Amino acid sequence: MPLPRPGKELLSAKGGIPVKTPVRMEELQGWEPAFWLALKKHRLAFAFVCPALLAIGLVILYPLVAVVVTSFERYYLLEILTKGSTYIGFANYVEILKDPEFWYSLGITLFFTAACVILTILSGLAVALLLNLEFPGHRVLSVAVLLPWVMPRVASSILWKWIYDDQFGILNYLLTLLGFKGMVSYAWLAHTGSALWAVIIVVVWQSFPFIAVALLAGLQSIPDELYEAAMIDGASAWQRLHFITLPFLRNLLGVLTVISTIWDFKVFDQMWVLTGGGPAGSTMILGIHTWMHAFAYLRMGRASALAVLMLLLVTVITLFYLKVFNREEE
Amino acid sequence: MAKIRLRKRNLPALFFIYLAALVVFFVAVFPFGWMLSTSLKRPEDTFTSVPKLIPPQFTLENYRRAFQDTLLGRYILNSLYVASVVTLASLVLATLAGYGFSRFRFPGRQAWLLFILCIQMLPSVVIIIPLFIVMRNLHALNSHWALLVSYPTFTLPLSIWMLKGFFDEIPRELEEVAQIDGCSVPAAFFRVILPLTLPGITASGIYAFIGAWNEFMFAMTFINHQELYTMPVGLNAFFGQFTVEWNQLMAASVFFTLPSLVFFLLVRKYLARGIVGGAVKG
């Protein structure tokens with residue numbers, strides 16, 4: 001005889017109503033009893049984990065849901081007290097996709113991210129290879145090189161703003177010393193041609209140490225014997241790099257590339273302090289674009305839709321990251 | 001260890017290596033040196049046609065004036081307060097959770113771990129909008145509460161992952177022995193495991209502290225009263241004035257950088273952890 005499915009009856013049994021069919025908990029079906037059973041079995045685990053998960057649910061999970069909901073609403077902060085917010089379907093998204101400023105911003109962001117990632121990885125790799133050589137003083141260098149990474153983002157942005165200063169900046173002075181006479185009082189951050197590159201340099205300057213250190217750890221895990229064997233076989237330095245070092249670092253390089261991509265896609269502070277999206281919107285990366293819509297134009301609905309689009313882009317990159325990460329774990 | 005040893009007599013190679021090392025050293029250190037130099041210079045030595053790397057006359061006047069003429073002291077206190085509270089709260093939650101994720105197998109474990117890994121990729125600008133709306137409705141804007149609630153969005157996931165890693169490294173046998181000796185699971189955790197993980201907890205705490213100390217976007221968006229500004233927002237507000245007092249600004253920036261600098265030197269060996277996970281094992 002098949003067991004009747006107890007469902008909610010059993011739960012109410014706790015409240016005093018007798019259970020009709022005596023069943024063992026293990027035989028129950030349906031999610032609710034299973035849920036309580038699991039809760040009981042793993043209560044110790046949940047006791048440890050739940051406070052943090054609750055906090056994450058509250059400050060991350062809930063906002064993530066809320067931003068999606070708001071993205072389908074007209075939510076104009078100045079009218080919110082009088083008119084409230086109204087559901088308008090995909091109107092925000094349609095508006096965004098029709099907005100040339102959005103496409104411009106997306107293009108700038110992709111260019112900025114790609115330039116930062118490529119330059120960071122290349123310079124990080126070069127520095128890692130250098131630090132892997134055992135020359136006197138390499139230890140000092142390996143600590144000194146961390147300095148840019150240690151500086152708070154806002155502090156380094158302010159510092160670089162001073163370095164880029166058109167009148168008294170040290171950069172223009174050094175360039176004129178090197179013979180670039182045209183650089184006297186060139187305002188790096190005020191020209192549409194150079195402002196983005198100026199920020200790219202700051203971001204690369206701040207992030208190459210991390211890449212270098214991570215790659216150095218990878219380099220040092222390559223067995224010595226491989227190099228020795230290669231030397232005996234007469235391999236040149238270039239061949240050793242090409243056939244031993246790079247293949248060994250491939251996975252790590254993959255992980256670091258994806259991480260850098262995400263970090264550089266998220267850049268906000270440096271851009272805000274150095275250019276604030278200007279001049280003439282030429283450095284208006286998506287982060288700044290979205291922030292402006294939310295807190296300068298107070299169009300929360302539209303800004304939420306922008307945020308969701310950013311989220312989708314990051315998700316794509318993250319999925320890619322997980323793929324690389326999993327391959328690494330195996 | 002695959003440190004590559006150089007053959008002694010290979011002079012040209014050594015020359016190029018030192019040239020490269022010099023360039024790298026210059027790029028990494030010079031900007032900081034310039035900041036320090038500007039902060040120790042008198043204004044009349046700063047705004048000259050030929051910049052002076054070594055101040056002709058050292059002065060601490062900029063530091064004194066940065067503290068006296070601006071709210072710098074206030075900003076430092078605010079930042080210290082916010083960063084400490086956030087760090088403590090994150091550490092308590094993350095230590096428990098890290099241990100739970102490391103030692104227990106429960107339904108949903110994998111999914112949560114994955115989710116916690118992924119939210120580290122989240123751009124702050126995505127959740128700042130809903131958080132702003134919530135804070136506004138709760139009348140928590142323009143108070144440090146807004147920051148205390150929003151900073152765990154980035155400190156908590158990182159701390160959980162880092163601490164889980166540290167707990168993973170402690171052999172399970174230790175708890176089993178403690179339990180045989182009559183300890184309950186929580187007692188074994190508090191008396192045996194926690195003391196052993198203290199270095200790891202400190203490292204995660206420092207990471208969380210630096211993260212909160214450096215945070216700019218939330219603080220700039222949620223707080224408008226100058227007395228409530230944190231360091232980064234306060235420093236950036238220097239630019240609102242007519243002329244930028246670069247000397248004072250650099251002095252303040254040195255102060256802003258110091259805690260990061262000291263702490264980072266302390267946790268240097270845990271550098272890549274929690275961010276690249278196990279990827280650096282090789």
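Throughout, protein chains are lettered first and strands after them, A, B, ... in sequence-line order, and every chain is numbered starting at 1. Everything quoted here is computed from the prediction, not taken from an experiment.
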Exercise for review: Evaluate the ring-ring contact (aromatic ring centres under 6.0 Å, His included) criterion for residues F46(A) and F104(B): first the C-alpha distance (whole Å), next the side-chain angles of each, then the deciding distance (0.1 Å), finally the verdict.
Suggested key: CA-CA 9 Å; F46(A) 288 130; F104(B) 300 102; 9.5 Å; no
Exercise for review: Find out whether W246(B) and D165(A) are in side-chain contact, i.e. whether some heavy atom of one side chain is under 4.5 Å from a heavy atom of the other.
Suggested key: yes
Practice item. Please tell me if the side chains of F189(B) and F48(A) come closer than 4.5 Å, counting only heavy atoms from C-beta onward. Key: yes
Practice item. Could you check if a side-chain atom of I127(B) sits within less than 4.5 angstrom of a side-chain atom of V67(A), using non-hydrogen atoms only? Key: no
**Study point:** K41(A) to F106(B) six-membered ring, cation-pi geometry met (6.0 Å, 45°)
**Key:** no
Exercise for review: Report the distance from atom OG1 of T318(A) to atom CD1 of I119(B), rounding to the nearest 0.5 Å.
Suggested key: 11.5 Å
Check your understanding: So do Y62(A) and V134(B) actually touch side chain to side chain, heavy atoms under 4.5 Å?
Key -> yes
**Study point:** Note, S124(B) side chain near F268(A) side chain (heavy atom, < 4.5 Å)
**Key:** no
Study note, to complete from the structure: Minimal heavy-atom distance between L131(B) and P63(A), with the atoms involved, is CD2-CG, 4.0 Å
**Study point:** chain A interface, residue from S90(B), P232(B), P152(B) that has the most non-hydrogen pairs under 4.5 Å
**Key:** P232(B)
Point to revise | Stepwise side-chain contact (heavy atoms from CB on, under 4.5 Å) check, L77(A) with R136(B) | key: CA-CA 10 Å; L77(A) 209 56; R136(B) 196 170 166 278; 4.0 Å; yes
Review point. Is the closest side-chain heavy-atom distance between L122(B) and I60(A) below 4.5 Å?
Key: yes
Practice item. Against chain A, work out which of V29(B), T48(B), T153(B) has the most heavy-atom pairs shorter than 4.5 Å and name it. Key: T153(B)
Practice item. Please examine the side chains of Y151(B) and V59(A), heavy atoms only from C-beta on, and report whether any two atoms are closer than 4.5 Å. Key: no
Review point. Does W205(A) use its side chain to pair, donor to acceptor, with the backbone of V27(B) at less than 3.5 Å?
Key: yes
Review point. Looking at OG1 of T38(B) and CZ of F168(A), how far apart are the two atoms once the value is rounded to the nearest 0.5 Å?
Key: 12.5 Å
Practice item. To the nearest 0.5 angstrom, please state how far the CH2 atom of W291(A) sits from the CD1 atom of I128(B). Key: 8.0 Å
Revision key, fill the gap. Most heavy-atom pairs under 4.5 Å with chain A, out of V126(B), T46(B), V24(B), belong to V126(B)
Practice item. Under 4.5 Å, counting heavy-atom pairs only, tell me which of L130(A), I288(A), I170(A) racks up the most with chain B. Key: I170(A)
Name each donor-acceptor pair under 3.5 Å that joins a side chain in residues 252-265 of chain B to protein atoms two or more places apart or in another chain, with its distance.
from	atom 1	to	atom 2	distance (Å)
S253(B)	OG	L249(B)	O	2.8
T257(B)	OG1	S253(B)	O	2.8

**Study point:** Heavy-atom pairs under 4.5 Å with chain B, option from P152(A), A294(A), S157(A), A303(A) with the top count
**Key:** P152(A)
Review point. Between M250(B) and W162(A), what is the shortest heavy-atom contact and its length?
Key: CE-CB, 3.7 Å
Point to revise | From L141(A) atom CG to Y18(B) atom OH, the distance as rounded to the nearest 0.5 Å | key: 10.0 Å
Check your understanding: With a 4.5 angstrom heavy-atom cut-off, which part of S150(B) approaches chain A: side chain, backbone, both or neither?
Key -> neither
**Study point:** Audit row: V154(A), N214(B), side-chain contact (heavy atoms from CB on, under 4.5 Å) steps and yes/no
**Key:** CA-CA 7 Å; V154(A) 171; N214(B) 291 352; over 6 Å; no
Review point. Side chain, backbone, both or neither: which part of V50(B) has an atom under 4.5 Å from a heavy atom of chain A?
Key: both
**Study point:** Any side-chain heavy-atom pair of L53(A) and I116(B) under 4.5 Å
**Key:** yes
Practice item. Verify the neighbour count for atom CZ of R105(B): are there more than 12 heavy atoms of other residues, nucleotides or ligands below 6.0 Å? Key: yes
Practice item. Output the distance between atom OG1 (T261(A)) and atom CE (M121(B)), rounded to the nearest 0.5 Å. Key: 10.5 Å
Point to revise | CG on L159(A) to CZ on F32(B), rounded to 0.5 Å | key: 9.0 Å
**Study point:** Derivation and outcome, side-chain contact (heavy atoms from CB on, under 4.5 Å), residues V49(A) and W112(B)
**Key:** CA-CA 10 Å; V49(A) 173; W112(B) 271 108; over 6 Å; no
Check your understanding: When heavy-atom pairs shorter than 4.5 Å are enumerated against chain B, which of A45(A), S304(A), A155(A), A52(A) gives the highest number?
Key -> A45(A)
Review point. In this structure, are over 12 heavy atoms from other groups packed under 6.0 Å from F25(B) atom CZ?
Key: no
Exercise for review: Go through the atoms of V127(A) and report whether side chain, backbone, both or neither lie under 4.5 Å from a heavy atom of chain B.
Suggested key: side chain
Review point. Contact part of I210(B) toward chain A, heavy-atom cut-off under 4.5 Å: side chain, backbone, both or neither?
Key: neither
Check your understanding: Quick one: what part of M220(B) sits under 4.5 Å from any heavy atom of chain A, side chain, backbone, both or neither?
Key -> side chain
Review point. Where do G287(A) and V125(B) come nearest, in terms of heavy atoms and distance?
Key: O-CG2, 3.7 Å
Check your understanding: What residue in W34(B), F101(B), Y99(B), W213(B) has the most heavy-atom pairs under 4.5 Å with chain A?
Key -> W34(B)
Check your understanding: Among E225(A), M300(A), K161(A), which has the most heavy-atom pairs under 4.5 Å with chain B?
Key -> K161(A)
**Study point:** Intermediate values then yes/no, side-chain contact (heavy atoms from CB on, under 4.5 Å), M35(B) and M151(A)
**Key:** CA-CA 11 Å; M35(B) 174 166 149; M151(A) 280 185 89; 3.4 Å; yes
